There are 4 protein chains.
Amino acid sequence: MRKAPQQARSREMVERLVTAGRRVLVERGYDAFSTNRVATVAGVSPGSLYQYFPDKAAILEVVIDRYWEEVADRVAASLADRIGEFGPGMVRATTDALLTALEADRELLRVVAEELPVQRNRERRAALERRVRELMTTYLAARPDSSHRPNPAVASWVVVLAIENLAMRWVLDQPEVVTRDQLLDEVLALVGGYLLA
Amino acid sequence: MRKAPQQARSREMVERLVTAGRRVLVERGYDAFSTNRVATVAGVSPGSLYQYFPDKAAILEVVIDRYWEEVADRVAASLADRIGEFGPGMVRATTDALLTALEADRELLRVVAEELPVQRNRERRAALERRVRELMTTYLAARPDSSHRPNPAVASWVVVLAIENLAMRWVLDQPEVVTRDQLLDEVLALVGGYLLA
Amino acid sequence: MRKAPQQARSREMVERLVTAGRRVLVERGYDAFSTNRVATVAGVSPGSLYQYFPDKAAILEVVIDRYWEEVADRVAASLADRIGEFGPGMVRATTDALLTALEADRELLRVVAEELPVQRNRERRAALERRVRELMTTYLAARPDSSHRPNPAVASWVVVLAIENLAMRWVLDQPEVVTRDQLLDEVLALVGGYLLA
Amino acid sequence: MRKAPQQARSREMVERLVTAGRRVLVERGYDAFSTNRVATVAGVSPGSLYQYFPDKAAILEVVIDRYWEEVADRVAASLADRIGEFGPGMVRATTDALLTALEADRELLRVVAEELPVQRNRERRAALERRVRELMTTYLAARPDSSHRPNPAVASWVVVLAIENLAMRWVLDQPEVVTRDQLLDEVLALVGGYLLA
DNA sequence: AATGAATGAGTCTTCATTCAT
DNA sequence: TATGAATGAAGACTCATTCAT
């Protein structure tokens with residue numbers, strides 16, 4: 001209990017550094033993501049950074065982890081709301097949630113998805129995909145009439161990847177020909193047609 | 001005409017450097033992609049490199065451009081073989097061609113797609129996508145019965161992105177649950193179900 | 001009198017820090033001798049260290065001082081045992097005592113003699129040498145027949161340095177060709193031959 | 001042959017850096033021996049240093065190696081002059097040569113012998129000692145009447161260490177009580193008395 | 001045109017020291 | 001007095017780029 005204020009300050013410092021890291025990434029790009037710059041933006045000396053992170057990569061990982069965690073949480077929340085109810089409604093709601101999550105910080109998404117050369121990134125995205133995929137596989141296996149596709153695992157792999165990618169690309173590229181509602185409609189058609197054709 | 005030999009030599013140098021760049025990328029990864037190393041591998045002095053490329057990024061861009069050009073060429077060739085014939089056969093053949101193109105140099109694909117922090121990458125991929133998309137949009141517009149989707153441009157956007165991404169992820173991740181043939185089947189079902197549902 | 005307990009605590013702290021310093025030196029070498037590590041090993045905060053020592057060098061000096069003081073004390077004790085009796089017996093006994101003192105903490109000797117870049121080291125060793133030298137000079141001056149060398153001060157300088165160095169090098173290098181007893185014999189022959197030739 | 005000027009420049013650069021290193025060591029001490037300072041003193045950029053030396057330690061080693069090589073060469077030259085002639089004359093001449101060698105750069109000797117924490121130093125000194133020791137051992141073994149000591153290897157070990165140390169300490173400490181000639185006389189008496197007593 | 005030595009800004013990181021609590 | 005978080009100067013080293021030859 002006596003350590004509470006210190007822990008609080010420790011948390012605060014980590015927060016400042018991670019926030020600074022995120023800012024540097026968004027505003028100046030990955031090339032500018034140097035320990036000195038992150039420290040400066042955090043209003044902290046370079047040495048302090050190393051009291052809270054073992055090295056440069058560690059900050060980056062936290063930023064990445066946080067980003068995908070946020071996205072995953074939003075999608076999971078939406079999924080939880082509609083638990084048990086599979087079908088068009090759920091697909092639309094989930095895709096919507098994913099879009100909203102990705103739109104929330106488009107700048108960071110751009111850097112994270114297109115600039116970061118880090119393995120950690122792939123791992124985190126893979127984790128999110130796996131999570132949703134497993135849910136879907138289970139559902140498909142439990143309700144044979146919900147899909148005509150022979151292999152639920154394969155079907156989930158296809159659907160999850162397709163949706164994730166369409167959503168990401170739509171958010172990043174903002175194609176003029178496709179409005180947000182259109183995208184949702186198309187995703188619905190894509191998934192519906194695929195599973196039930 | 002007097003410049004021909006110099007141009008020839010110039011071409012040759014550019015070639016050596018680009019080839020060296022590709023090799024470095026594939027064999028040692030982007031971290032090792034330093035101008036000095038590329039020059040060394042090309043058997044050329046670091047200074048010479050700057051006679052043919054304004055900076056490090058320029059070489060990288062050529063390597064990237066070449067890569068996606070190759071992929072695009074293969075896909076285009078397959079498309080050309082089946083010109084006029086839309087339908088399952090063409091989708092399968094095109095996807096097959098894309099897979100083959102991506103499988104041809106999986107190592108480089110990995111580096112290009114996951115390690116390179118460069119915007120140029122996105123641009124090139126976008127160019128490939130646009131090319132195929134336009135072809136498809138034209139076709140869909142010309143043959144209304146080939147698709148039930150209201151907007152051909154949107155439908156093309158969806159189909160092209162979905163296929164491209166599924167193919168890339170399959171080549172990179174090599175998911176155990178999905179064989180190559182299965183992938184082709186699923187892509188077919190996905191596209192067919194979407195367009196004709 | 002009111003300050004006594006504080007002084008006591010002060011002593012204790014100094015003790016802890018010096019002991020920790022010695023440990024760090026012996027176990028991890030001079031490179032690891034950082035104020036932070038010494039403080040950690042002492043179970044004390046880095047800030048506290050500066051309440052008892054003005055800087056890093058100061059701790060090091062105390063460690064060095066202590067080391068040579070210990071050695072000097074052991075040699076002095078041996079000398080005291082044989083006060084008044086000069087000759088082979090005393091030389092052998094003194095050299096033996098020196099060897100024993102140096103062997104007592106060979107690890108620390110190694111660090112102190114070969115790793116420490118500090119002038120202080122020289123000063124302390126010089127103090128030990130002077131102490132023994134003066135004793136010897138006095139004796140030689142008092143008993144002219146104990147030495148045929150013309151200048152007692154010079155003779156003492158030679159003998160003390162020679163013995164000290166031979167002993168140190170023997171302990172540190174552990175030469176295979178020379179056993180401990182042989183070393184004592186040789187030192188005896190060296191000193192005896194020199195003084196009485 | 002075409003590379004001659006470049007090699008010449010390379011040599012020159014190495015020379016400049018080593019000289020600068022030596023200067024830094026002598027004038028500012030080992031603490032100030034940073035790559036940046038050495039480069040600055042050499043009138044060269046920090047990067048250049050790494051074109052000629054793999055790391056900081058490498059320069060230091062060259063400085064050390066050169067120093068002891070110089071000393072060894074001088075001693076060896078003196079030894080060569082008196083080849084075959086053992087006895088007082090040779091001991092005196094050799095010790096004289098050693099003294100001269102050590103006196104030649106007393107400042108560097110001080111740093112090398114008392115400040116450098118580097119293992120390399122020990123190795124180099126050990127090499128010099130071994131060289132002379134082996135010569136002496138061979139001689140003693142060949143001419144049994146040149147020494148009454150039972151074990152030539154041991155006798156050489158004792159004599160070489162004693163002389164080396166006495167010389168070094170005399171040069172470094174410049175004791176008032178001992179003149180240079182006195183030192184030579186005493187060394188002679190020491191060695192003579194030891195071997196022939 | 002080609003070279004490659006030289007550059008020097010910039011990187012990550014450490015650690016002796018300070019100072020608010 | 002003790003703490004330990006914060007400091008920031010300095011360190012070793014890299015590498016894209018330049019320029020005299």
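Just so we're clear, the structure is a prediction, and the values are computed from it rather than from any experiment. Lettering follows sequence order; numbering is per chain, from 1.
- When the side-chain nitrogen and oxygen atoms of C/S45 are compared with OP1 and OP2 of F/dA2, none of them lie within a distance under 4.0 Å.
- Rounded to whole angstrom, the span from the OH atom of C/Y50 across to the C1' atom of E/dT17 amounts to 5 Å.
- Picking from F/dT1, E/dA16, E/dT13 the nucleotide with the shortest atom distance to the side chain of C/Q51 gives F/dT1.
- Residue contacts for A/S48: at a heavy-atom cut-off of 4.0 Å it reaches a base atom on one of the strands shown.
- Taking a pair to require two hydrogen-bonding distances under 3.5 Å in either a Watson-Crick or a G-U wobble arrangement, F/dA10 pairs with E/dT13.
- In this structure, A/V44 and C/V44 both approach DNA chain F, and ranking their closest nucleotides by distance from the 5' end singles out C/V44.
- Within 6.0 Å of atom CZ in D/R120, more than 12 heavy atoms from other residues, nucleotides or ligands are found, so the atom counts as buried in its surroundings.
- Remark: P of E/dT17 and CG of C/L17 are 14 Å apart, rounded to the nearest angstrom.
- E/dT18 atom C1' lies 18 Å from atom CZ of C/F53, rounded to whole Å.
- The main-chain N or O of A/W68 is never found under 3.5 Å from a side-chain atom of A/D65 such that the two would form a donor-acceptor pair.
- You'll find that the side chain of D/P46 is closest to E/dA9, out of F/dC15, E/dA9, E/dC15.
- Looking at C/R28, its side chain never comes within 3.5 Å of a backbone N or O of C/F33 through a donor-acceptor pair.
- Rounded to a whole Å, the CG atom of D/N36 is 15 Å from the P atom of E/dG10.
- Taking atom NZ of residue C/K56 and atom P of nucleotide F/dA10, one finds them 16 Å apart after rounding to whole Å.
- Atom CG in B/D31 sits roughly 14 Å away from atom P in F/dT14 (whole-Å rounding).
- Around the CZ atom of C/R122, the shell of radius 6.0 Å holds more than 12 heavy atoms that belong to other residues, nucleotides or ligands.
- The distance from atom CZ of A/R28 to atom P of E/dT11 is 10 Å, rounded to the nearest whole Å.
- Proximity of B/N121 to B/Y67: side-chain heavy atoms (C-beta onward) are nowhere separated by under 4.5 Å.
- The residue A/F33 sits close only to the backbone: its heavy atoms come under 4.0 Å of sugar-phosphate atoms, none of a base.
- The listed nucleotides are F/dG11, E/dT7, E/dT13; the one nearest the side chain of D/M13 is E/dT7.
- If you check every strand for non-hydrogen atoms under 4.0 Å, A/T35 touches a base.
- The residue among A/G47 and B/R37 whose nearest nucleotide of DNA chain F lies closer to the 5′ end is A/G47.
- When the C1' atom of F/dT17 is taken as reference, atom CG of B/L49 falls 10 Å away, rounded to whole Å.
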